[in-house]
J.: 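Here you go, one structure.
What you see is a predicted model; the values in this text were computed from it and never measured. Chain identifiers are assigned alphabetically (A, B, ...) following the order of the sequence lines, protein sequences preceding nucleic acid strands; residue numbering begins at 1 within each chain.
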Number of protein chains: 2
Amino acid sequence: MSTIIEVLQKGNVPPHVSQLSEAESIDLSEFIQSIIRGHVVVPRNNRHGALTPVAIGRDTRVKINANIGTSPTNCDYENEIQKLKAAISAGADAVMDLSIAGNSSEFRKRIIEEFDITLGTVPIYDAMIGLDTTDKLNFSHFLRIVEKQAEEGVDFMTIHAGLLSKHLPLIERRTLGVVSRGGAIMAQWMKHQKKESFLYAHFDEILAVANAYDITLSIGDGLRPGCTHDANDAAQFGELEIIGELVQRCRSANVQVMVEGPGHVPLNLIEENIRKEKEICDGAPFYVLGPLVIDYAAGYDHITGAIGGALAGMFGADFLCYVTPAEHLRLPSLEDVHEGVIASKIAAAAADLARKRPDAIARNLEMSKARRRFDWDAQEGLSIDKNKFSRYLEKVGTASPGAKNDLPCTMCGEWCAMKRL
Amino acid sequence: MSTIIEVLQKGNVPPHVSQLSEAESIDLSEFIQSIIRGHVVVPRNNRHGALTPVAIGRDTRVKINANIGTSPTNCDYENEIQKLKAAISAGADAVMDLSIAGNSSEFRKRIIEEFDITLGTVPIYDAMIGLDTTDKLNFSHFLRIVEKQAEEGVDFMTIHAGLLSKHLPLIERRTLGVVSRGGAIMAQWMKHQKKESFLYAHFDEILAVANAYDITLSIGDGLRPGCTHDANDAAQFGELEIIGELVQRCRSANVQVMVEGPGHVPLNLIEENIRKEKEICDGAPFYVLGPLVIDYAAGYDHITGAIGGALAGMFGADFLCYVTPAEHLRLPSLEDVHEGVIASKIAAAAADLARKRPDAIARNLEMSKARRRFDWDAQEGLSIDKNKFSRYLEKVGTASPGAKNDLPCTMCGEWCAMKRL
């Protein structure tokens with residue numbers, strides 16, 4: 001088997017590449033060049049049969065990811081399937097299974113069989129399930145997990161290979177240390193073993209598996225800032241330098257790669273964050289978590305994340321990982337997943353409009369015209385959450401049979417400004 | 001009676017000015033100069049006894065306003081009092097009574113007697129209540145309303161005096177025409193009467209009342225864009241030119257003035273919007289509604305508004321009018337008011353942090369330190385909505401008596417990254 005980069009380099013164009021170029025309104029040859037150069041990724045494990053792939057990167061619509069998965073105290077895979085359905089129905093472009101308890105393998109198999117959505121994982125989690133401490137962790141065990149997940153059909157995998165032992169002293173200077181679960185596992189392992197990260201040391205072996213299954217690697221930011229005070233610090237940018245190097249190694253191996261980013265970042269530092277990633281990682285697609293623009297809005301971090309995500313997207317972030325209202329407080333509920341996806345989609349939509357994507361301009365314009373003619377059905381159809389739209393809408397009075405359905409809502413009633421002119 | 005500008009010009013410093021300068025961490029003489037020059041306003045009707053005033057403008061904390069008030073189909077003033085309480089308890093800095101039905105005068109008197117929050121109105125609404133059409137509207141009737149509300153103790157009033165008859169043809173080119181209720185009333189009046197706006201023609205008489213009661217004028221943007229497609233267009237910026245002229249007339253009359261702004265604006269046009277206002281209106285405080293960064297998220301416009309408000313605040317907007325999830329769909333409920341205030345406060349807080357206000361930095365840092373030491377009580381105390389924080393929080397296990405309360409939450413349980421290092 002060849003990776004999509006190799007296939008395209010040989011001049012062959014798989015049908016899904018043509019379809020995506022059309023869906024994204026990008027000229028086909030330009031789109032192909034973007035994939036070959038690594039400015040766009042199309043995560044798609046070659047074992048993942050019934051997948052509807054998405055394109056992530058330069059000039060594409062900003063995509064969003066929803067995290068699902070168990071935790072040691074909330075290990076109910078049936079419930080996680082419900083969350084997956086909620087995420088898909090709210091419009092998620094991809095999901096990551098972040099399970100850290102129970103039989104995650106069966107769960108992933110079910111996702112791949114029953115749903116056509118792009119699936120990502122963080123293999124270090126599966127590698128740690130069942131181990132008491134990181135001391136029992138080693139590369140060969142990790143690689144077996146990667147191979148197993150590759151075989152299952154996982155489309156993209158987060159690998160925290162940019163966090164090296166030389167970064168450990170930088171963590172000490174931070175307010176919040178390490179908040180990435182994968183980053184903390186690797187940092188703890190390096191500290192105890194007094195060795196270099198096995199993910200970095202054996203990166204070529206990971207690349208070999210990724211190449212064989214055409215898995216897209218997502219280089220995790222183990223040192224993403226966990227509070228605004230730690231944003232854009234020496235630890236974060238130190239790791240980013242190594243990530244830039246890993247991106248080049250992925251490209252040399254014809255493996256698609258994207259880069260993960262923060263985290264908690266004040267509004268005024270988001271632009272620098274994006275520009276640095278794009279520069280250091282040579283235009284690799286940027287996958288950000290949030291970013292959350294203040295630290296003290298737990299319960300509303302879907303909103304702090306939407307603010308940061310919109311701005312990040314405007315400046316060039318390509319893929320937004322959702323944040324739910326439950327962030328920092330509990331494993332998200334079904335409702336939290338829905339709220340998180342919608343908030344991220346709003347952020348992505350705001351970025352798409354700011355980047356002047358024609359489809360974004362068209363949808364906003366169509367909605368505005370429907371609003372002007374009081375066409376509530378058309379508005380509902382265009383709205384980001386049809387159910388909430390119809391649940392909330394309170395029109396004034398009732399239209400007489402056959403009359404135009406142009407009643408105003410109860411905000412202004414007959415005082416509606418649009419009714420006067 | 002003298003306005004605060006006149007009092008300060010004479011070298012007298014009322015106690016609330018010193019208190020506000022301290023609360024805002026602005027040097028007193030600098031703060032006084034900002035008020036005299038019109039870069040900061042402190043809305044405070046000299047009849048409004050038990051008011052805790054707020055400062056709005058340059059270098060101050062970004063403030064937020066919540067709109068309350070009846071509409072023809074939802075005219076229950078008791079319910080509006082409950083919304084006022086919800087807005088105050090969620091942290092609103094000011095409220096506007098936008099009632100367009102019933103006895104708004106009694107309502108305002110009750111607000112002024114029972115609450116100490118800054119109160120704003122749009123007198124053209126009261127002027128229209130009871131009139132069938134705008135044709136019955138005239139300046140002398142309008143002025144009587146202004147005088148009556150001034151007597152009641154209203155602190156700031158929106159006056160849509162910048163919308164002139166010469167702007168009417170520009171409206172025709174728009175997708176959504178006029179969406180400001182006050183703007184639509186004046187546009188309709190000018191169209192039917194074929195006369196210049198009486199608000200503009202008689203602006204000096206309005207200034208005389210404002211001066212007598214030290215009312216802050218808020219120059220309404222009758223042509224605020226109602227959809228992203230209309231943002232920053234000739235109509236909006238045409239009106240802004242006149243608003244800039246009105247700001248100078250207010251200053252000549254020693255009347256405090258701020259300027260209202262949009263509305264619906266794509267993310268990439270917000271900076272231009274703010275810079276133009278600050279330039280054309282010579283640094284007058286800017287009071288924006290949202291702005292909403294996409295048009296099709298009805299049901300979630302508190303989020304589209306928080307995204308725009310945060311960015312506007314970072315670029316220099318001083319006062320954010322909240323938007324609730326009910327925007328475009330119905331008069332907001334009690335719960336909508338709460339959600340709207342919290343979302344706006346998040347936007348304001350994000351802007352304050354981006355502007356590097358020391359109090360914003362401190363609160364975020366304190367929260368992050370509490371998070372690091374798993375001090376959930378301190379986190380709850382610092383969080384933007386203590387009730388939601390405690391309702392959402394699910395800690396893993398129970399601390400043994402006397403043990404440190406350092407349990408992780410159910411998101412990660414014992415896999416908590418901060419527990420590893």
Side-chain angles (χ1 to χ4, degrees), chain A residues 71-74 100 175-181 184 187-188 227-229 266-268 293-300 303-304 306-307 310 314 329-331 342-343 346 349-350 353-354 363-365 367-368 372 382-385 388-389 392-394 396 409-413 415 417 420-421, chain B residues 71-74 100 175-181 184 187-188 227-229 266-268 293-300 303-304 306-307 310 314 329-331 342-343 346 349-350 353-354 363-365 367-368 372 382-385 388-389 392-394 396 409-413 415 417 420-421:
Chain A
S71 85
T73 49
N74 296 49
I100 51 173
T175 297
L176 259 191
V178 178
V179 296
S180 151
R181 295 197 302 212
Q188 193 182 40
C227 68
T228 54
H229 196 255
L267 265 183
N268 58 313
V293 294
I294 61 171
D295 302 309
Y296 60 84
Y300 297 89
I303 298 181
T304 63
I307 295 171
M314 177 169 83
L329 296 172
R330 71 181 190 201
L331 201 71
I342 296 287
I346 289 171
L353 184 63
R363 182 166 173 184
N364 281 287
L365 192 56
M367 181 71 170
S368 305
R372 181 70 189 94
L382 288 160
S383 69
I384 204 152
D385 180 350
K388 191 169 188 188
F389 186 98
Y392 258 61
L393 176 62
E394 285 175 11
V396 172
C409 82
T410 57
M411 171 76 104
C412 307
W415 284 60
R420 289 204 190 269
L421 295 166
Chain B
S71 86
T73 50
N74 296 49
I100 52 174
T175 298
L176 259 190
V178 178
V179 296
S180 151
R181 295 198 302 212
Q188 191 182 43
C227 66
T228 53
H229 197 253
L267 264 183
N268 58 313
V293 294
I294 61 172
D295 302 309
Y296 60 83
Y300 298 89
I303 297 181
T304 64
I307 294 172
M314 177 169 82
L329 296 171
R330 70 180 191 204
L331 201 71
I342 295 287
I346 289 172
L353 183 63
R363 183 167 172 184
N364 282 287
L365 192 55
M367 182 70 170
S368 305
R372 182 69 189 95
L382 288 160
S383 70
I384 204 151
D385 181 349
K388 192 169 186 187
F389 187 99
Y392 259 61
L393 177 60
E394 285 174 12
V396 171
C409 83
T410 58
M411 171 77 104
C412 306
W415 284 59
R420 287 204 191 270
L421 297 166

J.: Does any backbone or side-chain atom of B:M411 lie under 4.5 Å from a heavy atom of chain A? Answer side chain, backbone, both or neither.
T.: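 Both backbone and side chain of B:M411 come within 4.5 Å of chain A.
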J.: Kindly say whether B:L382 contributes a backbone atom to a donor-acceptor pair with the side chain of B:R363 at under 3.5 angstrom?
T.: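 Yes, because the side chain of B:R363 sits within donor-acceptor range (under 3.5 Å) of the backbone of B:L382.
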J.: For A:N364 and B:D295, indicate whether the former's side chain and the latter's backbone hold a donor-acceptor pair under 3.5 Å.
T.: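 Yes; at least one donor-acceptor contact below 3.5 Å.
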J.: Let me know if B:N74 has heavy atoms under 4.5 Å from chain A in its side chain, its backbone, both or neither.
T.: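 Only the side chain of B:N74 comes within 4.5 Å of chain A.
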J.: Verify, without hydrogens or angle tests, whether A:T175 (side chain) and A:H229 (backbone) share a donor-acceptor contact under 3.5 angstrom.
T.: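 No: the side chain of A:T175 does not pair with the backbone of A:H229.
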J.: How close do A:V293 and A:T228 get, counting heavy atoms only, and between which atoms?
T.: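 Distance-wise, the nearest heavy atoms are O-CG2, 3.9 Å.
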J.: Side chain to side chain donor-acceptor pair (under 3.5 Å) with B:R330: which residues, sequence neighbours excluded?
T.: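 B:R330: side chain to side chain donor-acceptor pair (under 3.5 Å) contacts with B:D336.
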J.: When only pairs under 4.5 Å are counted, which of A:D385, A:L353, A:L176 shares the most heavy-atom pairs with chain B?
T.: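 Most pairs with chain B among the choices: A:L176.
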J.: Determine whether a donor-acceptor pair (N or O, by modelled atom type, separation under 3.5 Å) exists between the side chain of A:T304 and the backbone of A:A297.
T.: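 It does not hold such a pair.
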J.: Count the heavy-atom pairs under 4.5 Å between each of B:M367, B:K388, B:M314 and chain A, then report the option with the highest count.
T.: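 Max contact count across the listed options: B:K388.
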J.: Name the option with the most non-hydrogen atom pairs under 4.5 Å to chain B; the candidates are A:C409, A:P72, A:C227.
T.: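 Highest number of pairs under 4.5 Å: A:C409.
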J.: Using non-hydrogen atoms and a 4.5 Å limit, figure out which bit of B:L421 sits close to chain A: side chain, backbone, both or neither.
T.: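 For B:L421, the contact with chain A is made by the side chain alone.
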J.: For B:T73, which atoms come within 4.5 Å of any heavy atom of chain A: side chain, backbone, both, or neither?
T.: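 The side chain, not the backbone.
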J.: Can you tell which part of A:I100 gets under 4.5 Å to a heavy atom of chain B, answering side chain, backbone, both or neither?
T.: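 A:I100 touches chain B through backbone and side-chain heavy atoms alike.
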J.: Does the side chain of A:S71 reach to within under 4.5 Å of the side chain of B:W415, using non-hydrogen atoms?
T.: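 Counting from C-beta outward, A:S71 and B:W415 never come under 4.5 Å.
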J.: For chain B, which of A:A298, A:S368, A:A310 has the most heavy-atom pairs under 4.5 Å?
T.: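 Sorted descending by pairs with chain B, the first entry is A:S368.
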J.: Of all of A:S180, A:A343, A:C412, which one pairs up most often with chain B through heavy atoms under 4.5 Å apart?
T.: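 Most heavy-atom pairs under 4.5 Å with chain B: A:C412.
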